[in-house]
Structures are given as structure tokens and as C-alpha cells.
Amino acid sequence: MPESDQNEMMEFDPKRIVHTAQISWDSAGVSAAAVPASFPKYYCLCMLPYPSGRLHMGHVRNYTIGDVITRYQRMNGREVLQPMGWDAFGLPAENAAIRNGMPPARWTYDNIDYMRKQLKSLGFAIDWSREIATCDPKYYRWNQWLFLRMLEKGIAYQKTGTVNWDPVDQTVLANEQVIDGRGWRTGALVEKREIPMYYLGITKYADRLLQALDELPGWPERVKIMQANWIGKSEGVEIHFPYDQRSIGKAGVLKVFTTRADTLLGATYVAVAAEHPLAEAATANHPELAAFIEECKQGGVTEAELATQEKKGMATGQFVRHPLTDELLPVWVANYVLMSYGEGAVMAVPAHDQRDFEFARKHGLPLKVVVKPRDGDAPVVTTMSTALTEHGIIVNSGGYDGMTTEEAIDAIANDLNKRAMGEKRTVFRLRDWGISRQRYWGCPIPIIHCPKCGDVPVPDKDLPVVLPEDLAPDGSGNPLAKCDSFVNCVCPKCGGSAKRETDTMDTFVDSSWYYMRYACADNDQAMVDERVNHWLPVDQYIGGIEHAILHLLYSRFWTRVMYDMGLVKFEEPFTRLLTQGMVLNHIYFRKGSAGGIAYYSPDDVTPLQDEQGHITGATLKADGKAVEYGGMGTMSKSKANGVDPQALVDKYGADTVRLFMMFAVPPEQTLEWSEAGVEGAHRFLKRLWKAASDHVNGGSVPRLETASLSDEQRELRRQIHATIAKVGDDIGRRYTFNTAVAAIMELLNALTRSDDRSPQGRAVMQEAFEAISLLLTPMAPHTCEVLWQRLGREGSVVTAAWPQPDPSALVRDSIEIVIQVNGKLRGRVAVPAQADRKSIEQAALAEPNVQRFVEGKTVRKVIVVPGKLVNLVI
RNA sequence: GCCCGGGUGGCGAAACUGGUAGACGCAACGGACUUAAAAUCCGUUGGCUGGCAACGGCCGUGCCGGUUCGAGUCCGGCCCCGGGCACCA
């Protein structure tokens, strides 16, 4: 070995190792992206980052998991694609622009450049030739193109939708910008506004999206449950309540949807949403009601806000008729009825629905019991403290009495059907996807508004509609709408002057198909080409659990739309899904006098703790004044609690940071950020380096002769191969990278304990260090690359074959059996590996400590679990 | 409020199919090396407790209850924390 190499072997110098390894990969052309196409393909994809400025620990975690899987699959003989791109449109760029007057484009591209450099410094095997940014017209023109195709097919359409309106800034607010019902900058009470928007008809795909969940064995069960609940398929009955013409003033029917048609005879009133046409109609000569509906229009639009607000309601003075009894039922407006679900109206059955029960008690509305428990009596109205919501037997319902609730639903639906008063229906909780955003930094919606021709789609030949990149938003309104050169245009139909649509698309549109574009990022003639069917579906998708519903559901929908158009040959985009847990950090903030909120980095505050060590608040280091504690939350730009990994990479090197992230916690689990432990990962790499150096410096190594090994050498070799088996299983099947690292650490501990310098001892040692170099490559590729070379192996470790355990090395002569007495551990015995039940039982009874407990008692039962334990029941 | 997760030593965690609770690592403490410190190496480390010692015992996986020879793991009820709730991405 040349002397310079000897020197390199002496000191563990991460910077030098990274340099050596990356040069070696570049010169040999062995980045994991460039591999023989004769191998079976494997597409490993991480969710693309939002270029917020700098990487945070959540990114490092995500991309290290992806890189571990990528490198493992590469070593197992796959042609692996691991691309990277930027989810580059979005609100934070506009916020940064408002803060420092910089155009969002400039801010975004600067961030991308910095973060790309960071990713490269971490040594991820990314194919950078396929990089995309969603704010690039070459990318988003295909958003626009497919949107136009959806418009042609009727999948995209226009209707009104509700937005948060800041009356002071005269601007639409994102939900994130509404804090306690007020605008984030102005503190003004937010109002709801109805404006025209474009929607994508995802509800047409609801059944397909739901059913196909059963055919995704590679997805976590919890994600599939969340998606199924989100789609929320309910089978029920649509019931028509004819208007009472005297009180409503016209003929018509109020449609409601219910899953409990069996309780129809227990309905004592109906309730409609504040936005319901019937409610609007009643306000004419009812100023109090008009005021109440106005009040309902204040506050945010989120479901959480609607569901937690105080239940309020008011009678409209209108009545409808019961479809079976013809009885008059009052119409109420209630803020707990959602316009967006079913028909925006419900029949209220206070005796059998908890929300109706509480509402009825509060407003003095009558209760009528129509269901009794299967094995009990019907409850007495005056003594009821909660609604009886369980299914049971129908009572007080004329001809339906005695039926089970299930039978009654069918019977009532039938009778309603005969009278044309209703029918069975399936409804979904899922709503169509509103994609219009009244925001600048997004993909323009390719529509032209012509005073003569109406809304005209931009012809394909005029795509892309390019977003001007030099505008700087100031917080009020949409700067696009103020940009005459963008807005003013010519109608493609009549040639007259017209105006462009200034709404842009939801950024979820960008991320709904980017994973296809990587397959053919260089094609400027088509959205996708044949290569998309080679690489996709994605074999392994990795990203945060926070995307379990929206992004993943939109992507599944988008893929089906493209499938139906014949653009791709697959319906599901992601075969396997790994949802990584969040990386959390403390959140500190101050509320401004105007209602705004400012967040502070945990680095910039001094926390205050109570006796139990719980954080109760903090002071800002800069001014010494108090800030509030907001608990733990996911690392994000907007909460100012991200931790930049750069300082750690600079101090310890990329491999230590990668290894630590993998060792700290299994990938699906939430991680509360702490730097403690980084030191341990670093120490491990140093110890490995030192031990391998000592071994290499010991001179030449003879051939391993397994037949001539001593017992100690055989035991060490058994551990080497047990580790190979475990690490392969942990990375390849279980995705528990933390236990894989732990097993390698245990093997190194065993190696450093051994002082066997005999020729065959050194041969076993060589086998061990080679195994560790291979097993650790996915987590710490730079260190392993240089180790591999120093161990005298040819070629690059990243293209070496993944090791396989030698079954003959794993054989054990004797095993330890645990002995319990009444389920409590009382002793252990070593028995031959192939010992039968009888002899194990006898060995157990002979154990001295066990005898103390058994002595003088009768053994009633003996449970023998072969290879594991014996339990004596006395 | 609704849906989905999670809760195990001082800390991050392990225990994969109901079978030895705490592997591996951090921190702490003790020791070796050193003029000294850092680094490194060796040892101890869930709590209580018996024994000179060898070696034992009792308790212990958020809380209450259940199933089982045996429960961190399964069932019922609760508490707390995190994620999502359709315009943060």
C-alpha cells in the first residue's frame, strides 16, 4: 500500500473521505442513476421539497431514507432511478416578497441553488439530469395543457366557492393567514365570500379511488383508512320535504340526505345551512334572521373552525311537510349544517342524533322516540340525557313498528320511492377540488374572458401562458390583476380585446404529476412519452405523513384522468408508500396588537420551565421580553422552527449526519428534534475507521478456511452472518434502519473485543470488515467507499453486490431456554439445539433456582415453546 | 368537533407472530492513560430491597378494568401529545 494511503488510513477525516469517495464515483461514472438498463427497473422517489431557503432536518430525514433504499436496491441488482425537483410555486415566496420587496422568482431560484448544493454535499445518489422546477414554463405548460383537456371532457368546470376575505387588504386569504378569525396582517375580522372558481371533478372518481385502496398492499394501513374516511362513502336515502306554500310562498321540495331513514317518523324539524337558498329567501321580511345569517358568514372557512364553533340556530318561520305524515315541520337555520355536504340540509331527529338532541334541548324543540334497543325498553323523553344513536327496533312509527332499523330503512325508502318523495342514494364526503387561487406565484389558468364570447380556453398553440416573473406583491390583492401587459389580450375566437384570467392554480396541481415528468423531462413536444410507462408506477414513494390525504389522493386522481385519456398505462402512481414521521421542534411566538402573529426560532429564545421540566414560556434573547410557547410542531419555514443541518454537516461530515438520522428513530415515527446522539454516530464511524486501519496495517490476510476455525472464530463468524441476515431484512423488508445500524454497531463491538491475530482470525476479521463496508454503504456511502478500497477490494462499493448470509455459518449447537414458574422468569438452561420437549422439560425442572419455587408444589401444567421457553404452572 | 397515529429508564429507543422488558446509542458516575485537559480505552447505570459474597426477591411499559399458563403487545373505558380537516406545503 502506498504511503499516502497509509496516512489516510490513520486519521478519520470526513471531509477528505467525502472528497475521495465522490471523486472516485465521478471518475468511474458509478452514480446510482447511471446503471445498466438490462437490470429490472426500480423507481425510488422522495416527495419534492418546497424551496423554502435551506434544508431542514425533515428534508435530511426524507432524502436519507430514499437514498438508503436507492443504494440498497442498486446493490441488489436494480436499475434505480432517484430524481429530484422543486415544488417551487407557493405562498412563502410571496410572503418573502412582501417582507423584503424581492420578486418571488428571484427568491425561489436563489433558494433552489442553495438547497441543491446542500443536497449534493450530503452525497445522495440523485440523477440531476432530470431535475425539474414546477415554476418553469417548460413544466407548468403541461398543467395548462391537461387542464384544457379536462375542460373539454367536463372534468374541469366552473362554479362558485367560498373564500376568506380580508376587508381591509381587499384580498383573499389562505386558511393559514386567518388567525382566530382575523386577517394575519390587518387583524380585521375575516368574512366569507362567494366567488367563481374552477373545479376538478374528483368526486366522479370517488368510487374508483376508494375501491382501488384494497389493491394497494404496499401502502400503510393507516393511510388507506384515512383516505377511505376522507372519501367518506355513505349509503342512505334522499328525502323530499314538500314546501308549505303558505309560509314559504312558493311550491317546491326541500331535499335532505340521511343515513338513518328509519328514524324519519322521529323528525321534529329540519335544519338548513346559512348559505342554503331557503334561508336566503326567508331573510326578506326577517331582519333578525338576516343578521344571524350575516353572523354565520364571519370567521374562517375550515372544517375545524365550523365544527368547534358554538352550535347556533334560528327559526326561519318557514315550514315543510313531512313526506309520510303530512305534518308541518319548522325550518331552522343552523351553523352546524354544512352546505358542502349532501344537500346542505338535514332532517333533525333529536331523540336519535346527538347534535340534533343538543340543538333541540337548547331551543325547546320536541323529541320523538322511534327506536328502542334490541333488548330493552324505549327511552322516556323526559329522562333522556343523550340521544339513543344505536340501531334497534322501530316503535311509534305506524306500519314500521317492530322492524329492525335496517329493515325500516328499506321499507321507508320503498314507500318514499312509490310516492316520488325520495330514493336511495350514495353520497360522498369528498368534494370536488377547487383549484383557483387568487394569487400571483402560481401557474396561470389558461382562460381568456371575452366580453363577446365569454370564457374562452387559450388555444394549445398559445401555451404556455407565461407568468411574468418580475412582479413584487405588496399584500393587497393579486399583483397579476394589476399587470396590464399580462391581463390585456386578444380573444382567440373573435379577435376583439379581452382579459386574461388572473387566478392561478393550486400548487397541488403541480405536485399531482411531477413524478411522471422525471421520466421524460427533456421532451418539449409532449407532457409524457413512452418512457413514462417504463419507469412508472413509482416502486417506492417516501414522504411525510402530513401528505397522507390531499397530495396522495390528488395524485391518484390525476393519474386516473391521464389513464382514461390514454396518456399513461397505469392507474395507480405509487406501488409502495413509506410515510415518514415528522421532525418536530419547539414553537415560540408573539401575537401582535393587530392580531398578527410572529414566530421565533428556538435558537433565539431562552425557555422557562416548571418543576416537572415542562416548558411554560420563554424570553427572546434579543430583547429579554416574554414570548409564548406553542408546544411541539413540525419543522417549517412558517413556524420558524426548522433546524439547518449545515452546521452539523460542516462539523461532522455528511455520513455522520445521515447515520444519526437513520439511527435515531424508525422512519415512520415522529422525531422530537435533539442533537444529542450525533456525537455517538460520529464516534461509531471513528471507531470503525480505527479498527479497520489496525486490521489493514496488520499485513496480508490468508484465505478463509471455514473447516479449520476455532470455536471463538466460528462464533464470531456466526455473528457476522447473523448481522448480514438481519441488516438485509431490516433495510429490505422492515425499513427499520435504526435496528440495522444497531446490529452493525454490535458486530463492531464484538470485533474490537476480539484480540485474535492468528492467520485465520485475521481472515474472519477481513470478512467482517468487508461485510460492514457493504452493509453500511446505504447509510454512510463515503466512508464505506474509502474503507472498501483500503480493504483491498476492486471496484466501487456502491456497485458491489449486497452480501448474502452463509447458512452453514449460522448453525448453532446449543440454545438457551428461559424457564418461567407461573409466568415469572426463574432461570435459564442451555440445551442442544435439537433437544425434544421431554428433555427440555427435564432440564428445566433440574435448574436449582427453579427447584426452589417448585419444591413441595404440584406442577399442574407445563408449557414448552420450542427454542424459546418453558412455563411451569404450579 | 371529526378522522389517523403515538405514550416503555435521566434521554433517543429495542423487544418483528401473545413468550427473557430496556438490545444499540446518548447523558451521568467511577477507573486507566496524560504535567493537565481534550480525545481514547475499561467498568457501572430502571426503581426498591436481601446477602460478606456467589447469587436472589419485589415493583415497573400513560391511567383504570378485562382476557390468558403468560400482556409493552389483545379487548373495553379514560388522560395526554402529534398529524390531517380541502387556500401552508
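Order of the sequence lines fixes the chain letters, A, B, ..., with proteins taken first and strands second; residue numbering starts at 1 for each chain. What you are looking at is a predicted structure, and each value in this text was computed from that prediction instead of being measured.
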Going by an N to O cut-off under 4.0 Å, is there a salt bridge joining Glu675(A) and Lys651(A)?
no
Starting the side chain at C-beta, find the nucleotide from A89(B), G1(B), C16(B) nearest to Asp87(A).
A89(B)
Pick from Ile195(A), Leu173(A), Leu480(A): which one makes a side chain to side chain contact (heavy atoms under 4.5 Å, CB included) with Gln438(A)?
Ile195(A)
Distance under 6.0 Å and angle within 45° of the ring axis: does Arg355(A) meet both against Tyr336(A)?
no
Re G1(B): Watson-Crick or G-U wobble partner, both distances kept under 3.5 Å, found to be C85(B)
Send over the distance from Leu48(A) CG to A89(B) P, rounded to a whole Å.
12 Å
What is the distance, rounded to the nearest whole Å, between atom CD of Gln719(A) and atom C1' of A23(B)?
12 Å
Without decimals, in angstroms, what is the distance between Asp730(A) CG and A14(B) P?
11 Å
Do any N or O atoms from the side chain of Lys224(A) and from the backbone of Leu216(A) form a donor-acceptor pair under 3.5 angstrom?
yes
Reading nucleotides 47-85 of chain B 5' to 3', which nucleotides get B (base under 4.0 Å from a protein heavy atom), which S (sugar-phosphate only), which -?
---------SSSS---------B------------SSSB
Heavy atoms under 4.0 Å, any strand shown: does Leu869(A) hit a base, just sugar-phosphate, or nothing?
base
Spacing between Phe660(A) atom CZ and A27(B) atom C1', to the nearest angstrom:
13 Å
Write down the protein N/O and nucleotide N/O pairs, taken from nucleotides 24-26 of chain B, whose separation is under 3.5 Å; answer none if there are no such pairs.
from	atom 1	to	atom 2	distance (Å)
G25(B)	OP1	Asn749(A)	ND2	3.1
C26(B)	OP1	Arg683(A)	NE	2.9
C26(B)	OP1	Arg683(A)	NH2	2.7

Rounding to a whole Å, what distance do you find between Leu210(A):CG and C3(B):C1'?
15 Å
For atom CZ of Arg837(A) and atom P of G19(B), their distance in whole Å:
16 Å
Test: Glu310(A) and Lys362(A) ion pair at under 4.0 Å
yes
Would Asp730(A) and Thr739(A) count as having a side-chain donor-acceptor pair, cut-off 3.5 Å?
yes
Short question: side chain of Asn641(A), backbone of Gly633(A) - any donor-acceptor pair under 3.5 Å?
yes
What is the glycosidic conformation of G50(B): syn, defined as within 90° of 0, or anti?
anti
